[in-house]
Amino acid sequence: MSRPIAASRTGPTSSAGAVSFSVCGEVAEPFTLTVAELREGWQQHRAEVTFDCATSGPQHHRFEGALLYDVIRATKPGFDPRRRKDRARFLLAVSGGDGHQTVLSWAEIDRDFAGSPILLATRLDGHGLDTAGSQLVVPSDRCGARYVSAITSIWTGACGALTA
Ligand SMILES: Nc1nc2c(c(=O)[nH]1)N[C@H]1C(S)=C(S)[C@@H](COP(=O)(O)O)O[C@H]1N2
Ligand SMILES: [Mo]
C-alpha cells in the first residue's frame, strides 16, 4: 500500500476539469483525490469483467485501477486493525454524481474475510477516467448496479446505528 502523492486538494471538482472525489467518514485521515492521483499514488490492477444490466443486457469491460482496500486503508479507518471483529463492523458507502449509491461491507474487501479485488477504476477500456470520474468495479457481482460511475465520495464507518 502506498500513500497518496497529493492529498491536499479540496472540493468536488478541480479547476482543470479533472473531477475529484472525497474519501471520508469515521477515519483519521480523510482526503480528496483526482483520478490522476489515484493512478499515480497506488499500485494499479486490471480486471476484465462481464456484468448484466437490467436495461441494456450483458456488458463487457476492461478496467484498470487501485484496490479499494488499499485506498481506504490509507485513510486509517477508526477500528483496531488487529481485531477482526472490530473491522467487521465497518461499512463503505459509494456515491455517484447523479445520486446513485451503493453500500459494501469492510469484510468484502478484507483478506481475512471475502478479500474481493474491488477496484476504483482509473481507466475504462483503455481510456482514462480523469474527466468522467472513477468507477467502482465489483468483479464478483453478476449485475452492474454496484459499478457506480462518476464517484463523488466514499464514506467509511461503523454500523453502530443498526444496533436495536
Ligand atoms: N453513477 C451511476 N453509476 C451507475 C449507474 C447509475 O445509474 N449511476 N447505473 C449502474 C448500472 S445499473 C449498470 S448496469 C452499470 C452500467 O455500466 P456501463 O454503462 O459502463 O455499461 O453502471 C452502474 N453505475
Ligand atoms: Mo443496470
Side-chain angles (χ1 to χ4, degrees), residues 4-7 9-27 30-75 77 90-110 113-159 161-162:
I5 286 168
R9 208 189 302 267
T10 55
T13 306
S14 79
S15 56
V19 295
S20 59
F21 61 98
S22 63
V23 191
C24 58
E26 295 176 9
V27 302
F31 49 78
T32 301
L33 284 179
T34 63
V35 171
E37 289 164 348
L38 182 62
R39 186 182 298 118
E40 287 150 22
W42 281 273
Q43 186 181 347
Q44 300 292 292
H45 299 257
R46 290 175 190 206
E48 192 160 340
V49 302
T50 301
F51 57 79
D52 187 57
C53 175
T55 50
S56 50
Q59 309 290 314
H60 184 79
H61 291 298
R62 282 180 297 118
F63 288 101
E64 280 174 53
L67 285 172
L68 177 64
Y69 176 86
D70 290 345
V71 176
I72 304 303
R73 275 294 299 270
T75 67
F90 271 63
L91 303 171
L92 299 95
V94 182
S95 303
D98 59 354
H100 181 55
Q101 289 185 309
T102 200
V103 173
L104 303 103
S105 69
W106 179 264
E108 283 183 83
I109 58 172
D110 186 316
F113 297 93
S116 179
I118 295 173
L119 301 182
L120 287 171
T122 56
R123 283 186 219 279
L124 165 60
D125 296 331
H127 300 287
L129 290 172
D130 300 65
T131 54
S134 183
Q135 184 166 4
L136 191 68
V137 179
V138 192
S140 57
D141 279 7
R142 197 192 64 80
C143 106
R146 293 206 295 178
Y147 280 73
V148 178
S149 57
I151 292 173
T152 52
S153 74
I154 304 171
W155 178 92
T156 303
C159 60
L162 300 178

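The shown structure was predicted, so the numbers you read here are calculated from the model rather than taken from an experiment. All ligand and atom numbering here is 1-based and tracks the order in the structure. Note: hydrogens, waters and symmetry copies are ignored here, and every other heavy atom, side chains too, is used.
Near Val148, the atoms of ligand 1 lying under 4.0 angstrom from a non-hydrogen atom of the residue are 3 (N), 24 (N). Of all atoms in ligand 1, listed by their number and element, those nearer than 4.0 Å to a heavy atom of Cys53 are 14 (S). Taking every non-hydrogen atom of Gln59 and a distance limit under 4.0 Å, the qualifying atoms of ligand 1 come out as 21 (O).
Atom 16 (C) of ligand 1 has as its closest protein heavy atom Phe51 CE1, 3.8 Å. In terms of protein heavy atoms, atom 13 (C) of ligand 1 is closest to Gly144 O, 3.3 Å. For atom 24 (N) of ligand 1, the closest non-hydrogen atom on the protein side is Tyr147 O, 2.7 Å. Ranking protein heavy atoms by distance to atom 12 (S) of ligand 1, first place goes to Ala145 CA, 3.8 Å. With respect to atom 4 (C) of ligand 1, the closest heavy atom belonging to the protein is His100 CD2, 3.5 Å.
Side-chain N/O atoms of Glu64 and Thr122 include no donor and acceptor closer than 3.5 Å.
The backbone N or O of Val138 lies less than 3.5 Å from a partner atom in the side chain of Tyr147, making a donor-acceptor pair. Using modelled atom types, one side-chain atom of Gln59 and one backbone atom of Gly57 make a donor-acceptor pair closer than 3.5 Å. Side-chain atoms of His100 come within 3.5 Å of backbone atoms of Ala145 as a donor-acceptor pair (strictly under, hydrogens ignored).
Each of Leu104, Leu92, Leu119, Ile154 was scored for a side chain to side chain contact (heavy atoms under 4.5 Å, CB included) with Leu136, with one residue passing: Leu104.
Ala150 does not count as a contact of ligand 1, since none of its heavy atoms falls under 4.0 Å from the ligand. Put simply, no part of Arg146 is less than 4.0 Å from ligand 1, judged by heavy atoms.
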Report task. Check the pair Phe51 / Asp141 against side chain to side chain contact (heavy atoms under 4.5 Å, CB included), numbers first and verdict last. Result -> CA-CA 7 Å; Phe51 57 79; Asp141 279 7; over 6 Å; no

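Contact annotation for atom 19 (O) of ligand 1: protein absent (non-hydrogen atoms, distance under 4.0 Å).
The shortest N/O to N/O separation between Asp52 and ligand 1 does not fall below 3.5 Å. For the pair Asp98 and ligand 1, the shortest N or O to N or O distance falls below 3.5 Å.
Two residues are said to be in side-chain contact when any heavy atoms from C-beta on lie closer than 4.5 Å; Asp52 and Arg142 meet this criterion. The shortest distance between side-chain heavy atoms of Ser95 and Thr152 falls below 4.5 Å. No side-chain heavy atom of Phe21 sits under 4.5 Å from any side-chain heavy atom of Thr32.
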